[in-house]
Chemist: 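My questions all concern the structure below.
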Amino acid sequence: MRKTDWFKEMSFYQIWVRSFKDGNGDGIGDLYGVYEKLQYIKDLGVDGIWFSPLYPSPNADFGYDISDYRDIHPDYGDLDQFKKVLNEAHRLGLKVIMDLVINHTSDEHPWFRESRKGKDNPYSDYYIWRDRPNNWDSILEGKAWEFDEVRGQYYLHIFAKKQPDLNMDNPKVREEVKGILRFWLDLGVDGFREDVINFISKKEGLPDGLPFVPVVNGMPHYKDGPHIHEYMAEFRKVCEEYDCFQLGEGPMTTVKSALRYLSGPEKSLDMMFSFDHMMADCIYTEYVHRPFDLRKLKRAFSRWQRALDGKAWNALYLENHDHPRIISRYGDGRYPSLKRRVPKFWKESGKMLAVSYIFQQGTPFIYQGQELGMTNIRLGSIDDYMDVSSKTNYHRYHLKDSVEERLKRIHLSSRDSSRTPLQWDDSENAGFSAVKPWFFVNPNYDIVNAKAEEEDPESILNFYRKCLSLRKKSKILIFGHYREFFPGDRHIYMYERSLEGERFLIICSFSRSHVRVRIPGEYAGIMKKGRLVLCNYPSKGTGIFRPYEARIYRF
Ligand code: NOJ
Ligand code: CA
């Protein structure tokens, strides 16, 4: 049994190491750079770090294609350097969680190299081989099946071609997973973020998927598959021996299916990353873009808040390495101007977005650079983009459109926007590296950077620090119940957190104009009687909210 639910009071910082900080001068972020910056992470006020994959990988999907589960990619250091980072993080009171990617490996993993050799190989059934493919599309790169000349069969890859899916029905594969868990737990890590964990059990016979639905047509046959909860229970058992923490990534999960993982007799995860709230301006993030709709965002937030209250615990986030920067989507960056290098209300909207999610019930996650208000990049040609899905989308979805039109969509949707080097200062290469970095630096680094923001008491960085410290000090903000007001309002997101009669009211304007804010009857007079504990404008406001204004009142 678990000793504690220690993760509930925490907040986490996500590191996508390649772009975090180059410590050894080769232009690639690494664990030497992480070591240098642990104090910065601690000072932000978080309590833990989630590392996106650090393992050896040919980088077809930047680390999510693993070729060795028990080592560190030579670009990032080695196991000794990892242990150094882990010890220092622990000394600073930071937990460390690793990314566990077990739906697939790299095609360069020794298991796959063996498996391709033939049907009588000991690794033959480690992957999913068929003589004839079904009609599934992959999520990152074309059809979900690739013919292998050596074996003379097709293998399944739900993601990129170089990411063959493991056959989790094979007990030997599950034993391997348990060995990997133990390897990292024995080293001292505190838990795992489990990549596309709801996809690991596939329906028997792999039936054809939905006709006329692109990209996710096979999903009904691999999401929450027939044996998922049995397999999850096996992994949970190992994790319980170590009292470690498990956070699943649940693409396209619904509240109902998430609750099976998060509560009740089958509980196998402590939290799950859901995606509903990341679709207030699109469907499936990368694919179809729509104008931002605040009501859609609020519906998603509130659905998860209500359903999990008292039963399970939310993982709160607005950014990670899979989504473009949030200011460019839900903040003022959604009104792009080629004349400005940061949006007009860059600071205001960046801070308001922090308030919109950090004070919900759950554990907040902050993605590297989010705390600085980093924004999307615009690259001149599709050849400049690095991510496999940017390339696929450019070629697959927008063929009818002009090059400009297709690039515009890529600017809006590319995962590369969250993968540019972190902006540490205004020196060359944004202080990320002494040499030319592996990927483009966002040209706004002279404005958006950690050094400038350290020095500015009104910066987005300092505002994130205030938010995290306010949350940490208040049981109401951590454990309190959630209630939303005026869900139909198109500009204002208003919610309450309450515990044993004490209340906070959180009000966020998503408008770039001034708007009058309605106040619920029970909060009448709050602007005079309540105590304003946080606001993203330096001067006191009125009943009319300024562009992207956010306020928190204690009542
Ligand atoms: C989710 C990861 O976050 C993403 O970066 C990756 O492409 C897919 N899973 C496949 O591993
Ligand atoms: Ca380096």
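Predicted model, so just to flag it, every value in this text is computed and none were measured.
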Chemist: Are Asp75 and Arg18 within salt-bridge range, i.e. N to O under 4.0 Å?
Modeler: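 Counted as a salt bridge, because a side-chain N and a carboxylate O are separated by less than 4.0 Å.
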Chemist: For Tyr523 together with Phe555, are the ring centres under 6.0 Å from each other?
Modeler: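 Yes: the rings meet the under 6.0 Å criterion.
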Chemist: In terms of ring plane angle, is the pair Phe292 and Phe510 parallel, tilted or perpendicular, where the classes change at 30° and 60°?
Modeler: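 If you compare the ring of Phe292 with that of Phe510, the planes turn out parallel.
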Chemist: With a cut-off of 3.5 Å and sequence neighbours excluded, list every side-chain donor-acceptor pair involving residues 525-533.
Modeler:
residue : atom : partner : partner atom : Å
Lys529  : NZ   : Ala524  : O            : 3.4

Chemist: With a 4.5 Å limit on heavy-atom distance, are the side chains of Phe51 and Val85 in contact?
Modeler: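 Contact flag for Phe51/Val85 side chains = yes.
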Chemist: When you check the side-chain N and O atoms of Arg236 and Gln246, is any donor under 3.5 Å from an acceptor?
Modeler: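 Arg236 vs Gln246: donor-acceptor pair found between side chains.
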Chemist: So for atom CD, which belongs to Glu241, do other residues, nucleotides or ligands contribute more than 12 heavy atoms lying within a distance under 6.0 Å?
Modeler: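 Above 12, so yes.
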Chemist: Is any side-chain N of the basic residue among Asp281 and Arg334 closer than 4.0 Å to the acidic one's carboxylate O?
Modeler: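 A salt bridge is absent here (no side-chain N lies under 4.0 Å from a carboxylate O).
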Chemist: Determine, using ring centers only, whether His277 and Tyr317 are less than 6.0 Å apart.
Modeler: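 Centroid separation for Tyr317 and His277: below 6.0 Å.
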Chemist: Decide, yes or no, whether a salt bridge links Glu88 with Lys84 under the criterion of side-chain N to carboxylate O below 4.0 Å.
Modeler: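 No, no charged N to carboxylate O under 4.0 Å.
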Chemist: Take atom NZ of Lys472 as the centre, draw a 6.0 Å sphere, and report whether it contains more than 12 heavy atoms from other residues, nucleotides or ligands.
Modeler: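 Check passes, neighbour count above 12.
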Chemist: Just say parallel, tilted or perpendicular for the rings of Phe273 and Phe365, cut-offs at 30° and 60°.
Modeler: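 Judged by the thresholds at 30° and 60°, the geometry between Phe273 and Phe365 is perpendicular.
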Chemist: Test the Lys95-Trp6 pair against the cation-pi criterion, namely NZ or CZ under 6.0 angstrom from the six-membered ring centroid and within 45° of the ring axis.
Modeler: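 Cation-pi check for Lys95 and Trp6: passes.
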Chemist: Decide whether Trp313 and Thr363 meet the rule of one side-chain donor and one side-chain acceptor closer than 3.5 Å.
Modeler: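 Thr363 and Trp313 do have a side-chain donor-acceptor pair below 3.5 Å.
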Chemist: Could you give all pairs that pass the salt bridge (Lys or Arg N to Asp or Glu O under 4.0 Å) test and reach residues 456-467, with sequence neighbours left out?
Modeler: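 Output for this query lists Lys347-Asp456, Glu454-Arg465.
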Chemist: What pairs meet the salt bridge (Lys or Arg N to Asp or Glu O under 4.0 Å) rule with one or both residues in residues 507-523, with sequence neighbours excluded?
Modeler: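 Every pair satisfying salt bridge (Lys or Arg N to Asp or Glu O under 4.0 Å) with a residue in residues 507-523: Asp332-Arg512, Arg483-Glu522, Asp489-Arg518, Arg503-Glu522.
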Chemist: Ion pair present between Arg419 and Asp416, side-chain N to carboxylate O less than 4.0 angstrom?
Modeler: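 No, this pair does not count.
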Chemist: Taking 4.0 angstrom as the limit, do Asp446 and Arg341 come out as a salt bridge?
Modeler: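 Between Arg341 and Asp446 there is a salt bridge, with a charged N closer than 4.0 Å to a carboxylate O.
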Chemist: For the residue pair His321 and Trp16, does the interplanar ring angle fall in the parallel (under 30°), tilted (30 to 60°) or perpendicular (over 60°) class?
Modeler: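 Because their plane-to-plane angle is under 30°, the rings of His321 and Trp16 count as parallel.
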Chemist: Check the orientation of Tyr69 and Tyr55. Use parallel for under 30°, tilted for 30 to 60°, and perpendicular for over 60°.
Modeler: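 Ring orientation of Tyr69 relative to Tyr55: tilted.
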Chemist: Counting only N and O atoms by type, is there a donor-acceptor contact under 3.5 Å from the side chain of Arg303 to the main-chain atoms of Asp276?
Modeler: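 No.
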Chemist: Any pair with a residue in residues 546-555 that passes salt bridge (Lys or Arg N to Asp or Glu O under 4.0 Å), sequence neighbours left out, goes on the list, sorted by first then second residue, please.
Modeler: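 Checked against salt bridge (Lys or Arg N to Asp or Glu O under 4.0 Å) - neighbours excluded - the pairs reaching residues 546-555 are Glu502-Arg554, Arg546-Glu549, Glu549-Arg551.
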Chemist: Going by side chain to side chain donor-acceptor pair (under 3.5 Å), name the residues that satisfy it together with Tyr537, two or more places apart in sequence or in a different chain.
Modeler: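 So Tyr537 forms no side chain to side chain donor-acceptor pair (under 3.5 Å) with any residue.
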Chemist: Test of understanding: with salt bridge (Lys or Arg N to Asp or Glu O under 4.0 Å), list the residues that count as partners of Asp22, not counting sequence neighbours.
Modeler: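 Expected list: none.
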Chemist: Do Tyr495 and Tyr493 have ring centres separated by under 6.0 Å?
Modeler: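 Under 6.0 Å, so yes.
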